[in-house]
Amino acid sequence: MKGIRVLITRAGVVRSRYSALVAGLAVAVAVAVPSASASPATAPASTAAPAATNSVAVSVNATTGLGTVPSNGVGLNTAVYDGYMNDAAAPSLIKAAGINALRYPGGSYSDIYNWQTNVAQGGYDAPNTSFADFMGTAKAAGTHPIITANYGTGTPALAAAWVQNANVTNNYGIQYWEVGNEVYGNGTYGANWEADSHCTDASGKPIPSGSSPSQTYNCGPGVYASNLLNYISAMKAVSPSIHVCAVLTTPGFWPDNVTNATTSPQPWNQTVLKALGSKTDCVIVHYYPAPSNSTAAQMLATTTDIPGIVSTVKSQVSQYAGVNPANVPIVVTETNSTVDSNTQPAALFAADMYMAWLENGVTNVDWWDQHNGSGTPSIVNGAQDYGDFGMFSSGTNGSGVTEPPVDTPFAPYYGVQMLTKLAAPGDQMVGVTSGNTLVRTHAVRRADGSLSVLIDNEDPSNSYTANLTYNGFTPTGGPTVYTLANNGKTITSASQSSTSSVTVAPYTLTVVSIPGSGGNVATAPGAPGQPTVSNLSSSTSGATSGTATLTWPASTPGTYPVANYQVYQIGSGGSSTLVASPTATTLNLSGLTIGTAYSYDVVAVDTHGNPSLPSAPVSFTVPPPSNSSCAVHFAVGSDWPGGFSATITMTNKAATAINGWTLTFTLPTGEAVQSGWNGTWTQSGQNVSVTNAGWNGTIAANGGSVAVGFNGTDTGQYQVPAAFYINGSVCANN
């Protein structure tokens, strides 16, 4: 779901443009917002009973490395229709929050904006929001710009001229350039909110943005990929080292895996990545995880989807583009909580969400938006929420409730600011587990050897005493405890003597910063380089026939030589299991389960037993064998809040017909079959079985096919089953 976008001018004129996905259909709506005049609502006094205190085990594994904190990891969107974009207060506010990246020129406006003229075709540009104005703020705040080049109404030459101006004329050194915003919203899948002049009807006549959707548009993913190759060529000819990023659909979110016969016979990501091939060097996804009618608890729980999303994107890059996903940055250029946007749940979500993406290897995450404008107000746990997707107030009025003065930070700002107490760019993220799903945790080894642990108490009613244990880290002094209270506007700090426990109140963010070390006086080896995976395959001999080869750059010795490497398999919640200790920088894996996702990292150990910090992890999913006698194609035709509809096409590649068939597969956690057709459907746990009907039991030889379908339920994200079996034989993905 795209967030509400409100255009704000200093003259008090407020315009908005947003899109909502309803059963897979996006609708563009204009909203008029009254001028600011009413006073802010007064929050009622809390009458809640005193919170109970429970215990929770928090275990830090400093040998489990989750990568280093990127220099541009924490980002924020800006928009050319925002008259407050470059306020004098902006740089200091942005810097104080630890925001180190700014995206420009703003969502769907990117596809109608001409940077040379500072004109958005059919839209509104606020004064003082040109590229030069934006760069003044970006430089003053010490941030890395993320630029979206105009794909919708622009040209490769216009984009290349922008690169020339930024990186040659002005030496800005901007590294990340995405081509287009949500290009898949151009009518390809029946929803049309994104401008795209490449779309034509059957006669070749251009189709304007916002016209009636049609699946006969000639502007599917193949057209985007073909034009994107021209953008890449033109932009890299000016500045070869830049990343030119491709727009992908987010796995599990519309229109992931949606197809249509005329313009997108294969899913968007598969089509785009296959066309780009070796030119793939950066990909973009957006993340609006919870429908607006979700509860705060449902929204806060969505961050558990992030590892699966990243793993799927990496697998798609490897499978379809044929390149090493470790060399392809993933950038999340739009995200927001969409629920209780200005109050404490959004602060909790922001801190947890940013860290979850970064721990899974994403390069940059950008909150939507700097200023947005009021929506539907509500009272959340005694605090006024304005329904505003901005990180800062724009002073507007919605339904008689006036926001605080312009540039007043909302709750997500303080959630992001808490991350400055947890980590700095270059610090090492490490594994940590929590014994309660409502108490989310993240941990970081700082450059000075200390350890910081973020404890995110998402329970609105109960306090917890977190009992801390450490593996691979020895505390040497009392910690400093930083706290963002429920609805707090400042971060407080206090010292304590205990390194083994800390009490966290309901709906609070806490960072425990503990001095200590992970080794003795000797200098430990340097962390090995990030592993890569090769020879990833499986066979028809069985479900555990998967094989892969891990290879990693050697560690730099410390005081003593490197004796061996310890390869750890990373489990859920940051746990790790030692699988081998080779002396070489390679390891062959076997017995891997088809369709299962795996993550590994590597630690170097010297001749005196001193371990290095762990490498960045590598993640992959074992694919079904390509030479199977059957193939299965899974396509989602439509989706809606809490459900989706899918078609499964089985193809017989053998020389003999299949007479009588049973299709089996495992649905991802959170999904279930609601009703099915063209067969007899049963489900036990997550395992699904479909037996042929009386009239479709034969699948002809040499390419014959039979299709079945079902309506399914989900908990906010649908994912494709990883492996399918016909009569017990594993099938290739088609």
Side-chain angles (χ1 to χ4, degrees), residues 3-18 30-37 75-95 99 101-143 145-150 152-154 158-159 161-162 165-166 169-170 172 174 181 195 334 366-374 388-398 402-410:
I4 299 172
R5 283 83 189 277
V6 176
L7 286 58
I8 305 158
T9 75
R10 293 189 182 276
V13 178
V14 182
R15 304 180 178 88
S16 73
R17 180 175 184 270
Y18 69 95
V31 178
V33 182
S35 60
S37 58
L76 175 67
N77 273 271
T78 65
V80 293
Y81 48 74
D82 175 9
Y84 304 121
M85 177 205 292
N86 299 302
D87 280 356
S92 59
L93 284 168
I94 291 167
K95 184 177 291 187
I99 293 168
L102 292 176
R103 183 189 183 220
Y104 177 90
S108 294
Y109 258 59
S110 303
D111 280 319
I112 59 173
Y113 179 70
N114 185 320
W115 74 274
Q116 291 179 327
T117 61
N118 193 38
V119 171
Q121 180 180 330
Y124 169 80
D125 296 294
N128 305 312
T129 60
S130 70
F131 178 55
D133 295 321
F134 162 78
M135 283 304 305
T137 295
K139 289 193 295 181
T143 59
I146 310 289
I147 302 298
T148 311
N150 183 342
T153 59
L158 182 65
W162 201 346
N165 176 274
T169 304
N170 290 297
Y172 293 149
I174 298 174
N181 184 54
E334 284 189 26
D366 302 319
W367 188 266
W368 183 273
D369 189 15
Q370 182 186 9
H371 302 96
N372 195 79
S374 56
D388 189 324
F389 284 7
M391 191 167 282
F392 303 101
S393 171
S394 55
T396 55
N397 180 289
T402 302
E403 292 186 344
V406 172
D407 291 326
T408 299
F410 289 132

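Just the heavy atoms: all of them, side chains too, but no hydrogens, waters or symmetry mates, feed the values below.
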* Will you find, in the side chains of H371 and D388, an N or O donor that is under 3.5 Å from an N or O acceptor? ->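 There is no such pair (donor and acceptor under 3.5 Å, judged by atom type) between the side chains of H371 and D388.
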* Does a side chain donor of either N86 or T137 reach within less than 3.5 Å of an acceptor in the other side chain? ->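 Indeed, the side chains of N86 and T137 share at least one donor-acceptor pair under 3.5 Å.
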Any donor-acceptor N/O pair, [X] side chain to [Y] backbone, under 3.5 Å:
X: T402; Y: N397; result: no
X: W115; Y: L158; result: yes
X: E403; Y: S394; result: yes
X: D369; Y: N372; result: no
X: D125; Y: A120; result: yes

Under the rule for side-chain hydrogen bond (donor to acceptor under 3.5 Å, both in side chains), what residues qualify as partners of [X], not counting sequence neighbours?
X: D366; answer: N364
X: N170; answer: N165
X: N77; answer: R103

Interatomic distance, [X] atom [atom1] to [Y] atom [atom2] [nearest 0.5 angstrom]:
X: L102; Y: M135; atom1: CG; atom2: CE; result: 9.5 Å
X: I112; Y: Y124; atom1: CD1; atom2: OH; result: 13.5 Å
X: Q116; Y: F131; atom1: CD; atom2: CZ; result: 11.5 Å
X: Y172; Y: I147; atom1: OH; atom2: CD1; result: 10.0 Å
X: L76; Y: Y104; atom1: CG; atom2: OH; result: 14.5 Å

Could you report the tightest heavy-atom contact between [X] and [Y], atom names first, then the distance?
X: A166; Y: I174; value: CB-CD1, 3.9 Å
X: A140; Y: K95; value: O-NZ, 3.4 Å
X: L93; Y: P409; value: CD2-CG, 4.2 Å
X: D87; Y: P91; value: O-CD, 3.6 Å
X: W162; Y: P105; value: CH2-CD, 4.2 Å

Pairwise side-chain contact, [X] with [Y], heavy-atom cut-off 4.5 Å (strictly under):
X: N181; Y: Y109; value: no
X: F392; Y: Y84; value: no
X: D133; Y: M85; value: no
X: F410; Y: P404; value: yes

* Asked: Given Y113, which of T129, T153, N118 fulfils the side-chain hydrogen bond (donor to acceptor under 3.5 Å, both in side chains) condition?
  ->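 That would be N118.
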